[in-house]
Amino acid sequence: MLDVAVRERVRAEMREVDLPAGTALCRMGDAPRHWYGAIEGLLKWSVSSADGRSVTLGGLSVGSWFGEGTVLRGVARTADVIALRDSRVALMPAEVFEWLRGSERSFEAFLLRQINERMHWFLGNFAAHHLLDTDSQVARALVGLFHPWLHPGSDPRLRVSQEEIANLSGLSRQRCNAALRRLAAAGQIEIEYGGITVIDLPQLRSRVLAAASF
């Protein structure tokens, strides 16, 4: 949505970072110096407590842009972003982000839509935690990786492990694996070496909607 001159200026200011699996892109308490875009890999957005417990807020896959909330508020980051697998991320400096927001109405409109979609998804996550059974929670984690706005680059063959899906669904690996096997038996996914192929995305979506009215 940006014209050529603006795109060129943005590209000149951008840089990329490679993250080996298990490393942090940013940590809770970090100053918000960049807006991020996932180019390759898979990351998780999570919050940890002092006693070691953690809650996964969501996944960040190819095409996901994230981190605008803390840049807009100008406060320290309130969550960790960790690479679940080797990943590559684009970094837009906060100064460029603010320049775009102040000068490009199309960028401001993009941000408004992005924030609204994310807020709606988080409200759904809250409801899911209280209302969905295990299978539907796992189905929702899978469906979330195909959100057309937050995860526009997803392919039906997800290169994700069962452990990664457990992280994204907030379940133990054992409970998640059992749920994945039941979804496979229902013909909605196929579990294979190195990933999961989503065979029937509409059925996965209906499973989630049928389990909770959010």
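Owing to the predicted nature of the structure, the values given are computational and were not obtained by experimental measurement.
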Which heavy atom in Leu180 sits nearest to a heavy atom in Val138, and how many Å separate them?
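The answer is CD2-CG1, 3.6 Å.
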Smallest separation among heavy atoms of Leu2 and Ser106, with atom names
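The pair with the smallest heavy-atom distance is CD2-OG, 3.7 Å.
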According to side-chain hydrogen bond (donor to acceptor under 3.5 Å, both in side chains), who are the partners of Ser103, at least two apart in sequence or on a separate chain?
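Ser103 satisfies side-chain hydrogen bond (donor to acceptor under 3.5 Å, both in side chains) with no residue once adjacent residues are dropped.
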Kindly write out the residues that satisfy side-chain hydrogen bond (donor to acceptor under 3.5 Å, both in side chains) with Arg182, not counting sequence neighbours, or none if the list is empty.
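If we apply the side-chain hydrogen bond (donor to acceptor under 3.5 Å, both in side chains) test to Arg182, skipping adjacent residues, the hits are Asp135.
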Please tell me whether Gln188 and Arg207 have a donor and an acceptor in their side chains that are separated by less than 3.5 angstrom.
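Their side chains do contain a donor-acceptor pair, which is all the 3.5 Å distance test asks for.
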Suppose we screen for ring-ring contact (aromatic ring centres under 6.0 Å, His included). Which residues come up paired with Phe66, at least two apart in sequence or across chains?
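Listed in chain order: Tyr36.
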[atom2] on [Y] to [atom1] on [X], rounded to 0.5 Å:
X	Y	atom1	atom2	answer
Gln162	Asn177	CD	CG	4.0 Å
His120	Ile115	NE2	CD1	16.0 Å
Arg101	Leu111	CZ	CG	8.0 Å

Does Glu16 have any side-chain contact (heavy atoms from CB on, under 4.5 Å) partners at least two apart in sequence or in another chain, and if so, which?
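Counting only residues at least two positions away or on another chain, Glu16 forms a side-chain contact (heavy atoms from CB on, under 4.5 Å) with Ile39, Arg88.
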Which residue pairs pass the side-chain hydrogen bond (donor to acceptor under 3.5 Å, both in side chains) test when at least one of the two sits in residues 59-81, sequence neighbours left out?
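Found Trp35-Glu68, Ser61-His151, Ser64-His151, Glu68-Arg118, Thr70-Arg77.
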Which pairs with one or both residues in residues 170-199 pass ring-ring contact (aromatic ring centres under 6.0 Å, His included), sequence neighbours excluded?
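Every candidate ring-ring contact (aromatic ring centres under 6.0 Å, His included) pair involving residues 170-199 fails, so no pair, neighbours aside, qualifies.
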Donor-acceptor pair, distance only, cut-off 3.5 Å: does the side chain of Ser136 make one with the backbone of Leu132?
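Absent.
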